[in-house]
Amino acid sequence: MDNLLLILFLTAAASFFSTLILYLRSSSPSSSRSRRRSFTSQSHSHGLGQLPLGTLGWPIVGESLEFISCALTDRPESFMDKRRCMYGKVFKSHIFGTPTIVSTDAEVSKFVLQSDAKAFVPFYPKSLTELMGKSSILLINGGLQRRIHGLIGSFFKSADLKAQITRDMEKYIHKSMENWMQDQPIYIQDESKNIAFQVLVKALINLDPGEQMEILKKQFQEFISGLMSLPINIPGSQLYRSLQAKKKMARLIQEIIQSKRDGGMSNMNVPKDVIDVLMMNNASDQPLTDDLIADNMIDMMIPGEDSVPVLMTLAVKYLSDYPAALQQLTDENIKLKELKAQLGEPLSWSDYLSLPFTQNVITETLRMGNIIIGVMRKAMRDIEIKGYLIPKGWCFFAYFRSVHLDESNYEWPYQFNPWRWQDNKDISNSSFTPFGGGQRLCPGLDLARLEASIFLHHLVTQFRWVAEEDTVVNFPTVRMKRRMPIWVKKREDYKLT
């Protein structure tokens, strides 16, 4: 569930700047000097190990301004890389109002991500915690978090759900692509968002396209606007409107839960959605309330808005920029389509995932695109890792982007090269963490690959296209500046190369 971190940065930025304004109004030169001294003395007050090298910058401001200015460029990792050269792969900083240990060391990050709640807990800005609620899987820890995460993860890995996802993806893609016109641009980012959101909602609450889906979409857009708002909950504020939208969404989902309960859950053998999974495994000693289930269904809709659509969009972007990769991927998918046609069989979910070069393209897109640039944790006690001290109460920022673009891990890291993953190169090592890691590893990682595979298959086997110039924006979330416009032409025939 760490894919929410992208959205958190803007939330944190907004919160940080509001705090900064109040601070500047109330502070004096003498108080600034004393606060700066307190930062300096704090860094030497721990008995365990040594704090990593680095600087905490200015009081309150820290190094946030430089971090944001770098994040707005096409090389957002330059903030980290500069300090890595000066201080090493692990260093201290002060970002968004909190002292932070930043790690671009894959092994250190892996240790933290695999730690339990006694050592590290998720770190989120105040506005997000208020919007998500105390029962969100993003915030809870311990046995309850492991239980919910395990149930959802097992369901997302099931063959039944993958078959359902495949049918839904094919249906929604067909409905979308049948309306594509040759005389106007197709915005891939918009198309993929619409498809992915419908597929995810069907998997979560078994809701089909229709009036209720449109109402849910409208309320969801209002809800996610609050993720990027100031932490001010008064009537008229964005956070207030977002909380009201969430209440409306929760009522709709609770009605679905009650309808399922009235229909008799005892007769169900195979769950159709995540609600079914949680209701069928609702132990009496630790029951999951309807409020908890509804709130978590809403939280889990966020990847349908960001992560999966961005993966699809970036793949189209990189393929458009690298014709050789597009040619090989197209050949591979056309061969599969022709083979299944000869056999008179529809494509199954395993067919889509069986294409090695397509999977290499998706893997390389994840490495290059860095949809999840990092993960934040809060240290619950003083912890020493590889000689580095992480003080209690400090934020730990595992920054994946620098690892994925480190030339010591990947040759020519800024070049899109899906061939680097052939010959069964290990994608499970600590230098490749596109979905986070540890106990909070994104449970939908297999489904993200499946959805991207299906989308690319139907795109390249049905259309040729020319992409307009577009650029990747990395802050506050990864997206295309112009929504990735392409001009398509329906394929009449195709000759394998």
What closest approach, in Å, do Y240 and G236 show between heavy atoms, and which atom pair accounts for it?
CD2-N, 3.8 Å

Smallest heavy-atom separation, A117 atom then M380 atom, equals O-CG, 3.6 Å

K217 atom NZ, over 12 foreign heavy atoms within 6.0 Å:
yes

Heavy-atom side-chain proximity of R367 to L405 below 4.5 angstrom:
yes

Could you tell me which non-hydrogen atom of D295 sits nearest to which non-hydrogen atom of S135, and how far apart they are?
OD2-OG, 3.7 Å

Nearest 0.5 Å, please: how far is CE in M368 from CG in N370?
9.0 Å

Within the structure provided, determine whether I253 and I298 are in side-chain contact (heavy-atom separation under 4.5 Å).
yes

Which class fits the ring pair H404 and Y410: parallel under 30°, tilted 30 to 60°, perpendicular over 60°?
perpendicular

Which value, rounded to the nearest 0.5 Å, describes the distance between I383 atom CD1 and S115 atom OG?
6.0 Å

With no hydrogens and no angle check, just 3.5 Å: does a side-chain donor-acceptor pair link Q244 and R241?
no

Does L139 form a side-chain contact (heavy atoms from CB on, under 4.5 Å) with K134? I'd like the steps, not just the answer.
CA-CA 6 Å; L139 302 175; K134 295 180 180 179; 5.9 Å; no

Just verifying a value: how many Å separate F396 CZ and Y388 OH, rounded to the nearest 0.5 Å?
10.5 Å

Pair Q254, R251 - check side-chain hydrogen bond (donor to acceptor under 3.5 Å, both in side chains), show working.
CA-CA 5 Å; Q254 287 169 357; R251 282 197 295 269; over 6 Å; no

I'd like to know if the side chain of T104 reaches the main chain of K89, judged simply by a donor and an acceptor atom lying under 3.5 Å from each other, with no hydrogens or angles considered.
yes

Would you mind reporting whether M312 and V316 have side-chain heavy atoms less than 4.5 Å apart?
no

Between E222 and K248, does any NZ, NE, NH1 or NH2 come within less than 4.0 Å of an OD or OE carboxylate oxygen?
no

Can you find a heavy atom in the side chain of V102 that is under 4.5 Å from one in the side chain of I95?
yes

salt_bridge(D470, K317) N-O dist < 4.0 Å:
no

Applying side-chain contact (heavy atoms from CB on, under 4.5 Å), run through L447 and L161 and close with a yes or a no.
CA-CA 9 Å; L447 298 185; L161 180 64; 3.8 Å; yes

Please walk me through it: do E66 and R83 pass salt bridge (Lys or Arg N to Asp or Glu O under 4.0 Å)?
CA-CA 12 Å; E66 186 176 352; R83 285 152 183 78; 2.7 Å; yes

Non-hydrogen atoms of G57 and T55 that approach each other most closely:
N-OG1, 3.1 Å

With heavy-atom distances below 4.5 Å as the criterion, would you say the side chains of F123 and T98 are in contact?
yes

Take M213 and F197, measure what side-chain contact (heavy atoms from CB on, under 4.5 Å) needs, and give me the verdict at the end.
CA-CA 10 Å; M213 176 70 83; F197 185 78; 4.2 Å; yes

Just checking, is any N or O donor in the side chain of T358 or S453 under 3.5 Å from an acceptor N or O on the other one?
no

When the ring planes of H457 and Y352 are compared, do they come out parallel, tilted or perpendicular, using 30° and 60° as the limits?
perpendicular

For the side chain of S192 and the backbone of Q189, is there at least one donor-acceptor N/O pair under 3.5 Å apart?
yes

Of all the heavy-atom pairs spanning H149 and P443, show the shortest one and how long it is.
NE2-CD, 3.9 Å

Test: D273 and K202 ion pair at under 4.0 Å:
no

So, does S176 use its side chain to make a donor-acceptor pair with the main chain of E191 at under 3.5 Å?
no

What distance separates I140 CD1 from Q145 CD, expressed to the nearest 0.5 Å?
6.0 Å

cation_pi(R377, F120) dist<6.0 Å, angle<=45
no

When rounded to the nearest 0.5 Å, the distance separating CD of Q114 from CD of Q439 is 9.0 Å

Applying side-chain contact (heavy atoms from CB on, under 4.5 Å) to T471 and M480, what does each step give before you reach the verdict?
CA-CA 6 Å; T471 56; M480 300 305 297; 5.7 Å; no

Are D81 and R84 ion-paired here, with the side-chain N under 4.0 Å from a carboxylate O?
yes

Ion pair D299/K246, N-O distance below 4.0 Å
yes

Pair N360, E364 - check side-chain hydrogen bond (donor to acceptor under 3.5 Å, both in side chains), show working.
CA-CA 6 Å; N360 291 345; E364 183 69 350; over 6 Å; no

Between F223 and F220, how do the two ring planes meet: parallel, tilted or perpendicular, split at 30° and 60°?
tilted

Is K386 atom NZ crowded by more than 12 heavy atoms from other residues, nucleotides or ligands, each under 6.0 Å away?
yes

Before you tell me yes or no, could you show the steps for D446 and R449 under salt bridge (Lys or Arg N to Asp or Glu O under 4.0 Å), namely the whole-Å CA-CA distance, both residues' side-chain angles and the distance that decides it to 0.1 Å?
CA-CA 5 Å; D446 291 336; R449 280 188 173 274; over 6 Å; no

Could you tell me if the side chain of F435 sits less than 4.5 Å from the side chain of L366, heavy atoms only?
yes

Quick check: does any side chain N or O of T433 sit under 3.5 Å from a backbone N or O of S430, one acting as donor and the other as acceptor?
no

Would you check if the side chain of N233 reaches a backbone N or O of L239 as a donor-acceptor pair within less than 3.5 Å?
no

Less than 6.0 angstrom from the centroid, inside 45 degrees of the normal: does R75 satisfy that with respect to the ring of Y414?
yes

Side-chain donor-acceptor pair under 3.5 Å between D160 and Q164, yes or no?
no

Can you check whether D105's main-chain N or O pairs, donor with acceptor, with S109's side chain at less than 3.5 Å?
yes

Under the 3.5 angstrom rule, does the side chain of N296 hit a backbone N or O of A294 as a donor-acceptor pair?
no

Closest non-hydrogen atoms of N282 and R147, given as atom of the first, atom of the second and distance, are CA-NH2, 3.6 Å

Spacing of M297 atom CE and L204 atom CG [to the nearest 0.5 Å]
6.0 Å

For S158 and F155, indicate whether the former's side chain and the latter's backbone hold a donor-acceptor pair under 3.5 Å.
yes

D291 and T289 side chains, donor-acceptor separation under 3.5 Å
no

Report yes if the side chains of L353 and Q359 come closer than 4.5 Å at any heavy-atom pair, otherwise no.
yes

Going by heavy atoms in the side chains, are N474 and I373 under 4.5 Å from each other?
no

